[in-house]
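Reviewing the structure listed below.
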There are 2 protein chains.
Amino acid sequence: MSTIEDVAKLAGLSRTTVSRVINNHPYVSEEKRKLVMEAMERLGYVPNSSARSLRSQKTELIALFVPRIMNPFFSQLVESMEIAAAEHNYQLIICQTRYSSEKELNYMNLLKTKQVDGVILASIQNDWEVLEPFLDYGPIVLCNEFDEQANVPSVMLDQVHGGYIATKHLLEQGHRRIAYCRGSTRSNVANHREIGFRKALSEYGIVFDEQYAFRDTLHSEDGRRVFHRMLSLSEPPTAVFTGSDEVAAGIISEAKKHGCKVPDHLAVVGFDNQAITQLMEPTITTVHQPVEKMAQKALEVMIEKIHSRTYRQREIYKFPLKLIIRGSTVTNKLAKL
Amino acid sequence: MSTIEDVAKLAGLSRTTVSRVINNHPYVSEEKRKLVMEAMERLGYVPNSSARSLRSQKTELIALFVPRIMNPFFSQLVESMEIAAAEHNYQLIICQTRYSSEKELNYMNLLKTKQVDGVILASIQNDWEVLEPFLDYGPIVLCNEFDEQANVPSVMLDQVHGGYIATKHLLEQGHRRIAYCRGSTRSNVANHREIGFRKALSEYGIVFDEQYAFRDTLHSEDGRRVFHRMLSLSEPPTAVFTGSDEVAAGIISEAKKHGCKVPDHLAVVGFDNQAITQLMEPTITTVHQPVEKMAQKALEVMIEKIHSRTYRQREIYKFPLKLIIRGSTVTNKLAKL
DNA sequence: TCCGAATATGAAAACGGTTTCAAAAACCTG
DNA sequence: CAGGTTTTTGAAACCGTTTTCATATTCGGA
């Protein structure tokens with residue numbers, strides 16, 4: 001394992017000059033540059049990144065916090081973020097909080113120990129006042145998830161609008177008893193969708209009915225459970241808005257199993273526009289989220305913060321959501337394609 | 001940002017003693033240990049990990065190579081691996097090769113630059129002779145994917161058996177014209193499954209028919225395409241074995257759309273036992289892979305290699321696969337549950 | 001009581017780079 | 001050609017730990 005010293009010796013130059021060549025600094029004569037390049041080549045030299053990080057105080061590593069990767073929405077986010085990071089010569093460290101505030105807090109130490117240059121939170125499990133002090137050690141950027149108190153950049157989607165257009169679509173189809181499945185209780189994303197949901201209802205003069213609200217629905221199994229609980233109501237809903245395509249798929253699957261026709265007996269709207277929406281029969285009406293754009297933006301903002309070294313600044317970058325109408329809400333054959 | 005020096009000064013001791021306390025070394029009196037702990041507490045001291053890595057020559061980071069995260073099989077692998085890593089106080093760096101040999105080679109430099117302690121390959125895009133030289137810089141462990149030439153530990157699944165039991169099941173259901181969809185052309189996992197597929201066929205005296213073979217099928221869209229190509233054959237197959245549940249789902253979705261009944265007109269076997277197998281109608285017969293166990297084992301082996309510092313040793317750890325029979329191959333109502 | 005072993009502590013070297021600072025050489029400009 | 005600027009180079013400091021080595025103290029057994 002050769003060091004910069006070995007290269008310097010072989011080239012008959014100083015460490016400094018070798019370092020200059022490595023880092024493309026100006027003021028190195030073409031002649032010496034060549035000597036250095038040759039020596040590096042001959043020795044198969046590669047700079048040690050720990051040594052680099054120690055001196056230059058940067059690791060080129062960014063930590064990405066997600067609740068769990070298996071959730072297709074977060075898979076997509078991680079995938080997009082990794083690609084964006086690679087393009088900027090950063091590596092991504094994955095941190096699964098598994099919805100646990102302790103795990104999140106524990107991973108936060110990556111920032112304290114300077115193991116990463118910054119943290120991107122796509123999920124928040126602690127109150128902001130708990131997270132805020134970590135800003136002493138490096139930048140935090142929120143991506144998708146957000147917090148009203150947070151004095152940091154947030155790259156997010158217009159979830160209020162998302163909840164609104166999905167619900168309005170159901171209302172326009174004539175539905176009046178609409179159930180609502182939301183995700184994690186403490187998620188602000190889910191909160192905003194609920195605001196949009198309520199807004200649409202109120203425009204139609206409908207009051208939010210608590211018996212139609214289901215919380216902490218995350219997987220297809222939750223969807224199946226919700227279907228049965230809906231069925232057991234004295235006045236079952238004729239439509240349901242869900243916080244994820246998986247939950248929607250679970251509901252549809254269970255509905256079909258019990259002879260309940262979708263969308264005729266029960267219309268279903270998903271969220272995320274995952275692959276499954278095109279595979280289910282009927283295909284699932286859903287809300288498309290520009291995950292890739294959001295990930296790219298979050299990464300850009302993060303890099304900017306790393307360089308500018310100003311971490312405590314609230315900034316909002318918001319992207320729009322789009323309703324995609326498919327078979328689970330309309331019988332129109334054309335829409336099914 | 002306080003350093004170990006600050007702690008030492010505040011405690012009235014040397015850096016050495018503080019370091020001993022941090023690393024739980026013996027030969028520190030209880031009295032001094034307390035002094036150090038107090039000083040660390042007071043200053044909110046956390047050791048700098050770059051400095052640590054530089055001196056101790058270990059980063060506690062492991063790179064995991066996958067083609068892409070969105071593929072549910074790899075999502076699951078990453079998720080399990082991250083959990084296993086966290087339990088051993090390691091962090092995971094995600095590297096998506098996107099089926100590109102250059103990207104893979106590029107990421108391999110993480111080992112050279114000592115940015116990671118080891119590399120786990122769940123996907124291989126280069127010939128082994130290209131990868132082998134990197135063993136000079138650290139351990140490589142193969143996980144799921146493998147290479148006949150590789151002189152390193154491989155944690156894998158019995159893919160030959162997987163292909164065999166899935167195909168045998170179709171044969172037992174009376175099918176004789178069985179199509180075969182495999183994944184990436186250069187994948188040995190796919191190769192082994194094909195061996196198992198052929199073995200089952202030959203036991204029934206059937207010769208492998210190239211017109212029934214479809215290569216590089218990865219997504220549900222590929223499945224849809226395959227369905228149409230199968231349909232256009234003079235003697236369409238009555239069953240199809242696929243290398244992934246997504247492809248199976250794509251075939252089933254397209255079949256249903258065109259009035260082709262599954263399993264009556266076409267039986268379909270998937271692979272991976274992903275969530276979608278329970279959501280499709282019919283549910284999908286598939287092969288369950290013990291991904292979590294495999295990930296845990298791979299990580300354990302990796303850590304063992306990091307410590308033992310012997311990297312060039314071929315070792316095979318093989319886990320069994322299990323066929324799960326569902327509605328896409330049998331009409332029996334019971335099996336559908 | 002004496003001596004070797006175990007315990008306890010610190011000074012200094014080492015890890016492998018980058019950055020600062022100083023100085024030498026080359027280049028202008030009037 | 002004097003004097004200033006730009007280009008080129010290297011010595012040494014520095015980043016913040018861990019490790020090595022030396023030394024001092026305490027302990028246990030003969």
Side-chain angles (χ1 to χ4, degrees), chain A residues 1-37 39-40 43-61 109-117 137-138 307, chain B residues 1-37 39-40 43-61 109-117 137-138 307:
Chain A
M1 217 96 339
S2 51
T3 73
I4 198 172
E5 182 73 44
D6 302 329
V7 176
K9 272 201 187 114
L10 184 59
L13 293 163
S14 72
R15 292 209 300 278
T16 316
T17 303
V18 177
S19 175
R20 284 202 183 94
V21 172
I22 294 169
N23 298 289
N24 273 313
H25 283 178
Y27 300 149
V28 179
S29 66
E30 202 43 51
E31 176 201 7
K32 313 281 175 180
R33 181 183 305 278
K34 253 195 193 126
L35 280 174
V36 170
M37 297 296 254
M40 294 205 299
L43 295 171
Y45 168 79
V46 175
N48 177 303
S49 44
S50 299
R52 272 190 133 162
S53 304
L54 175 57
R55 179 64 234 228
S56 55
Q57 304 283 34
K58 54 189 176 193
T59 61
E60 322 262 82
L61 288 173
N109 282 317
L110 290 172
L111 206 54
K112 262 196 172 178
T113 60
K114 293 279 167 204
Q115 194 149 18
V116 299
D117 290 342
Y137 304 94
H307 292 139
Chain B
M1 217 101 332
S2 50
T3 72
I4 198 172
E5 182 73 43
D6 302 328
V7 176
K9 271 201 188 116
L10 184 58
L13 294 163
S14 71
R15 293 209 298 278
T16 316
T17 304
V18 176
S19 174
R20 285 201 183 96
V21 172
I22 294 169
N23 298 288
N24 272 315
H25 284 179
Y27 302 150
V28 179
S29 67
E30 201 43 50
E31 176 202 5
K32 314 280 175 182
R33 181 183 304 279
K34 258 202 188 120
L35 281 173
V36 171
M37 297 295 255
M40 294 205 298
L43 294 171
Y45 168 79
V46 175
N48 177 303
S49 45
S50 299
R52 272 191 132 161
S53 303
L54 174 57
R55 180 62 238 226
S56 56
Q57 304 282 32
K58 54 190 177 190
T59 61
E60 322 263 82
L61 287 173
N109 283 318
L110 290 172
L111 207 53
K112 261 196 175 178
T113 60
K114 293 282 170 201
Q115 195 150 21
V116 299
D117 290 342
Y137 305 95
H307 291 138

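Since we're looking at a predicted model, the values are computed, not measured. Basis for what follows: all heavy atoms, side chains included, without hydrogens, waters or symmetry-related copies. Numbers restart at 1 for each chain; the letters A, B, ... are given by sequence-line order, proteins then strands.
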Q. Does any residue of residues 27-34 of chain A have a heavy atom under 4.0 Å from DNA chain C, and if so, which ones, in number order?
A. none
Q.
Assuming nearest nucleotide by heavy-atom distance, tell me which of B:S56 and A:I22 is located more 5' along DNA chain C.
A. B:S56
When the side chains of residues 15-22 of chain A are checked against the rest of the protein, which donor-acceptor pairs come out under 3.5 Å, sequence neighbours left out?
{"from": "A:R15", "atom 1": "NH1", "to": "A:E5", "atom 2": "OE1", "distance (Å)": "3.1"}
{"from": "A:T17", "atom 1": "OG1", "to": "A:S14", "atom 2": "OG", "distance (Å)": "3.3"}
{"from": "A:S19", "atom 1": "OG", "to": "A:N23", "atom 2": "ND2", "distance (Å)": "3.4"}

Q. Can you check whether B:T113's main-chain N or O pairs, donor with acceptor, with A:N48's side chain at less than 3.5 Å?
A. no
Q. Just how large is the angle between the end axes of the helix from C:dT1-D:dA30 to C:dG30-D:dC1, five pairs per end, to 10 degrees?
A. 30°
Q) Do any of residues 11-20 of chain B sit with a heavy atom less than 4.0 Å from DNA chain D, and if so which? A) B:R15, B:T16, B:S19
Q) So where does chain B start and stop touching DNA chain C, 5' to 3', when the test is distance under 4.0 Å to a non-hydrogen atom? A) C:dT7 to C:dG16
**Q.** Where at least one partner belongs to residues 46-60 of chain B, residue pairs that pass salt bridge (charged side-chain N to carboxylate O under 4.0 Å, His left out), sequence neighbours excluded
**A.** none
Q | For the student: nearest non-hydrogen atoms of A:H25 and A:V28, plus distance | A | O-CG2, 4.0 Å
**Q.** side chain to side chain contact (heavy atoms under 4.5 Å, CB included) partners of A:S2, counting only residues at least two apart
**A.** A:D6, A:L43, A:Y45
Q: State, to 0.1 Å, how close B:N24 and B:R33 come at their nearest heavy-atom pair, and which atoms those are.
A: OD1-NH1, 4.1 Å
Q) Does the side chain of B:Q115 come within less than 4.5 Å of A:L61's, by heavy atoms? A) yes
Q: Using a 4.5 Å cut-off on heavy atoms from C-beta on, say whether the side chain of A:L35 contacts that of A:M40.
A: no
Q: Please list, in 5' to 3' order, the outermost nucleotides of DNA chain D lying under 4.0 Å from any heavy atom of chain A.
A: D:dT7 to D:dG16
(Q) Restricting to salt bridge (charged side-chain N to carboxylate O under 4.0 Å, His left out), what partner residues turn up for A:E31, sequence neighbours left out? (A) none
Q | Set of side-chain hydrogen bond (donor to acceptor under 3.5 Å, both in side chains) partners for A:S50, sequence neighbours left out | A | none
Q.
Let me confirm one number: the CG-CG distance from B:L54 to A:L54, rounded to the nearest 0.5 Å.
A. 6.0 Å
Q) Who passes side-chain hydrogen bond (donor to acceptor under 3.5 Å, both in side chains) against A:S53, sequence neighbours left out? A) none
Q. Looking at B:K32 and B:L13, what are the two nearest heavy atoms and their distance?
A. CD-CD2, 3.6 Å
Q) Reckon B:E5 touches a base, only the sugar-phosphate, or nothing at all at heavy-atom distances under 4.0 Å? A) nothing
Q.
Holding to side chain to side chain contact (heavy atoms under 4.5 Å, CB included), I want the full list of residues that pass it with A:L111, two or more places apart in sequence or in another chain.
A. A:V116, A:V119, A:F134, A:Y137, A:I140
